[in-house]
Amino acid sequence: MNKTIISAAAAVLCAAAVLTAAPFEESAVLPLRAVKEIHDNGVAKQTLDKGETQLLYCPLTPLAKEAASFSENASDEDPTFVAESLHVVKKSELGQGAADTSLDTVSKIMRSISKMKGMLYFSNSRQKWEVLYSESYMVDDVKSKKAVPDKTEGSADGRTFYCFQDEHTFGDCIYRLDYRQTENEVSVQFTNEQALYYKFIKAVKPGNMKINLVVSDLGDSYAVYMVMHANIRRFSILEKRMNRSLNSRLDAIYKWFTEQF
């Protein structure tokens, strides 16, 4: 009987330890150059030149490093576009300081795909704000494309969903959403399941664009890390246009995320 009680007590303590896991220490996981960039400019971001693979601002956390390991999961071709950005936002600044800023809320927000409808991004070519996604919702699978409600219950860890998005530049496409969640991080990777077209040109083959969003708990703040990589058709004018357009998406996703609290 005593052994049973002790075992049960140990299980409860272990569960409590997981639920109250300590957040990451900012000084231990954020690269010094990223901290300086954020201090000076509000964000640390870069777009890699062709042939470069070194990401400078990736937090030293498990899910961020997993998202940054694009070279291990890339297709036969090296990405022609790679960009990363890192923000640190104080929890007290989210939802005007009155919001639930728990990691569970973060997880629900990252699965609230329908709320991405109407998201704005800044068009560099037109120099004005425009709607990025005119439509956005989860679907039951790739083939039927039947709209379903956002799946926000429980943990996101290990879950895979699909969504339909009608995007300003590429038009409509189905994306696969792969989620991870630990006691102090949540991540999602968007992968295009269909080809992406720019006007009449097939710009990106299926599976060749991945957008990663990782939110890591730093105690009083969240680190919001994004990394995007894509194999864009090698056509100089198209590449330049796409590079500018894709860069704007990182800013748009961060803006959208912080406005959901």
Side-chain angles (χ1 to χ4, degrees), residues 23-24 26 29-31 34-47 55 57-59 61 63-64 67-68 83-124 128-134 136-138 150-152 155-156 163 165 167-168 175 177 179-190 210-228 245-261:
F24 296 108
E26 183 173 324
V29 299
L30 297 189
V35 173
K36 184 179 185 305
E37 282 290 321
I38 292 170
H39 178 270
D40 294 343
N41 303 307
V43 60
K45 63 180 179 179
Q46 69 157 341
T47 301
L55 295 171
Y57 304 127
C58 177
T61 65
L63 296 191
E84 63 173 342
S85 71
L86 175 65
H87 292 79
V88 175
V89 57
K90 291 186 179 298
K91 295 178 181 178
S92 59
E93 296 175 355
L94 297 170
Q96 299 179 337
D100 177 359
T101 59
S102 66
L103 201 70
D104 283 341
T105 296
V106 169
S107 177
K108 289 179 180 179
I109 288 173
M110 290 170 65
R111 286 177 280 164
S112 297
I113 300 301
S114 64
K115 293 185 178 180
M116 297 180 81
K117 179 179 179 178
M119 180 198 297
L120 298 177
Y121 83 109
F122 187 76
S123 171
N124 289 295
K128 65 177 183 178
W129 290 93
E130 296 186 335
V131 173
L132 179 58
Y133 299 117
S134 59
S136 180
Y137 51 81
M138 283 191 176
D150 293 328
K151 301 180 185 296
T152 60
S155 171
C163 74
Q165 292 183 322
E167 199 252 18
H168 183 273
Y175 293 87
L177 313 172
Y179 288 90
R180 290 290 311 281
Q181 182 172 348
T182 67
E183 62 272 14
N184 43 26
E185 285 187 286
V186 185
S187 71
V188 61
Q189 181 180 81
F190 286 69
K210 299 180 186 294
I211 304 172
N212 295 272
L213 169 62
V214 184
V215 180
S216 308
D217 191 355
L218 303 180
D220 293 334
S221 305
Y222 279 122
V224 183
Y225 180 67
M226 286 168 285
V227 59
M228 176 190 298
S245 180
L246 292 174
N247 253 315
S248 297
R249 277 145 183 75
L250 298 185
D251 296 330
I253 292 171
Y254 173 74
K255 182 176 183 294
W256 170 82
F257 171 74
T258 58
E259 289 176 348
Q260 300 311 302
F261 289 89

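Quick caveat: nothing in here was measured; it's all calculated off a predicted structure. Atoms considered below: every heavy atom in the structure, side chains included; atoms not considered: hydrogens, waters and symmetry mates.
- Between Gln165 and Ile113, some side-chain heavy-atom pair lies under the 4.5 Å cut-off.
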Glu84 and Lys45: CA distance, side-chain angles, deciding distance, side-chain contact (heavy atoms from CB on, under 4.5 Å) verdict = CA-CA 5 Å; Glu84 63 173 342; Lys45 63 180 179 179; 6.0 Å; no
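- Contact record, Ala64 with Cys58: O-SG, 3.4 Å, taken as the closest heavy-atom pair.
- Taking the six-membered ring for Trp and thresholds of 30 and 60 degrees, Phe190 and Tyr175 have ring planes more than 60 degrees apart, a perpendicular arrangement.
- Annotation for Ala83 and Thr47: closest pair CB-OG1, 4.0 Å, computed over non-hydrogen atoms.
- Both cation-pi conditions hold for Lys91 and Tyr222: the charged atom is under 6.0 angstrom from the six-membered ring centre and inside a 45 degree cone around its axis.
- By the 4.5 Å heavy-atom criterion applied to side chains, Tyr137 and Lys117 are not counted as neighbours.
- A side-chain contact (heavy atoms from CB on, under 4.5 Å) with Met110 is found for exactly one of Val188, Leu177, Thr105, namely Val188.
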message = For Tyr225 and Val215: C-alpha separation, side-chain torsions, deciding distance, then whether side-chain contact (heavy atoms from CB on, under 4.5 Å) applies.
response = CA-CA 6 Å; Tyr225 180 67; Val215 180; over 6 Å; no
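- Annotation for Val131 and Gly118: closest pair CG1-CA, 3.9 Å, computed over non-hydrogen atoms.
- The NZ atom of Lys255 sits 5.0 Å away from atom CH2 of Trp129, with the distance rounded to the nearest 0.5 Å.
- Every residue two or more places apart in sequence or in another chain that forms a side chain to side chain donor-acceptor pair (under 3.5 Å) with Asp150 is listed here: Ser114.
- Without hydrogens or angle criteria, Glu185 side chain to Ser216 main chain gives no donor-acceptor distance under 3.5 Å.
- Listed by first then second residue, pairs satisfying salt bridge (Lys or Arg N to Asp or Glu O under 4.0 Å) with a partner in residues 95-110 number zero, not counting sequence neighbours.
- Closest of all the heavy-atom pairs between Ser136 and Met116 is OG-CB, 3.7 Å.
- Pairing each heavy atom of Asn212 with each of Gln189, the nearest pair is OD1-NE2, 3.0 Å.
- Under a 3.5 Å cut-off, the side chain of Gln260 and the backbone N or O of Trp256 do form a donor-acceptor pair.
- Between Asp40 and Lys36, at least one side-chain N (NZ, or NE/NH1/NH2) sits under 4.0 Å from a carboxylate O, which counts as a salt bridge.
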